[in-house]
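Below is one structure; the comments refer to it alone.
Every value quoted in this text rests on a predicted model; they were computed, and no experiment measured them. Sequence positions, counted from 1, serve as the residue numbers for this chain.
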Amino acid sequence: TIKEVSEKYQITQDTLRYYERIGMIPAVPRTSGGIRNYGEADLGWIELAVYENAGLPVESMIEYVHLFQEGDETIPQDSTLL
């Protein structure tokens, strides 16, 4: 749940929602009741956002997420960005 994730990474639930809204992490799947259902892949994105954000501009992180979601053909751009 969002509560568990916010406690695990010591960030607020609002911060997690913000990261998702601006595209800093991919959209998190939801249950039929609309509750965010974080999986291992989602936690990986959150870790990247939380721990790498210190040295990577937010705009670059958002661009990286979009490129990653486009697939393998963007790998050269991904590498250049990072």
Side-chain angles (χ1 to χ4, degrees):
T1 65
I2 195 168
K3 181 181 181 205
E4 294 168 327
V5 173
S6 71
E7 290 172 356
K8 178 177 179 155
Y9 295 103
Q10 300 179 352
I11 57 177
T12 67
Q13 294 177 31
D14 286 338
T15 299
L16 287 167
R17 290 183 195 101
Y18 172 73
Y19 285 172
E20 186 178 352
R21 186 175 66 246
I22 67 168
M24 199 162 156
I25 62 172
V28 177
R30 295 178 184 244
T31 65
S32 59
I35 297 171
R36 286 174 176 84
N37 188 20
Y38 293 89
E40 289 301 316
D42 302 308
L43 298 182
W45 283 108
I46 293 167
E47 288 175 12
L48 183 64
V50 170
Y51 300 123
E52 296 297 325
N53 190 27
L56 192 63
V58 171
E59 294 81 13
S60 296
M61 183 66 190
I62 293 168
E63 183 180 353
Y64 178 76
V65 170
H66 289 290
L67 288 171
F68 182 86
Q69 291 176 319
E70 288 181 22
D72 290 345
E73 63 273 1
T74 65
I75 288 174
Q77 294 164 300
D78 297 349
S79 298
T80 302
L81 181 63
L82 295 177

Sub-3.5 Å donor-acceptor pair from the side chain of Q13 to the main-chain atoms of S6, do we have one?
no
Apply side-chain contact (heavy atoms from CB on, under 4.5 Å) to residues R17 and I2 and explain how you reach the verdict.
CA-CA 9 Å; R17 290 183 195 101; I2 195 168; 3.9 Å; yes
Hey, could you give me the [atom1]/[atom2] distance between [X] and [Y], rounded to the nearest 0.5 Å?
X   : Y   : atom1 : atom2 : value
E59 : M24 : CD    : CE    : 9.5 Å
L43 : K8  : CG    : NZ    : 5.5 Å
E7  : T1  : CD    : OG1   : 7.5 Å
E20 : Y38 : CD    : OH    : 6.0 Å

L16 side chain reached by Y9 side chain, heavy atoms, under 4.5 Å
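No; the side chains remain at least 4.5 Å from each other.
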Any heavy-atom pair between the side chains of T15 and Y19 that's under 4.5 Å?
yes
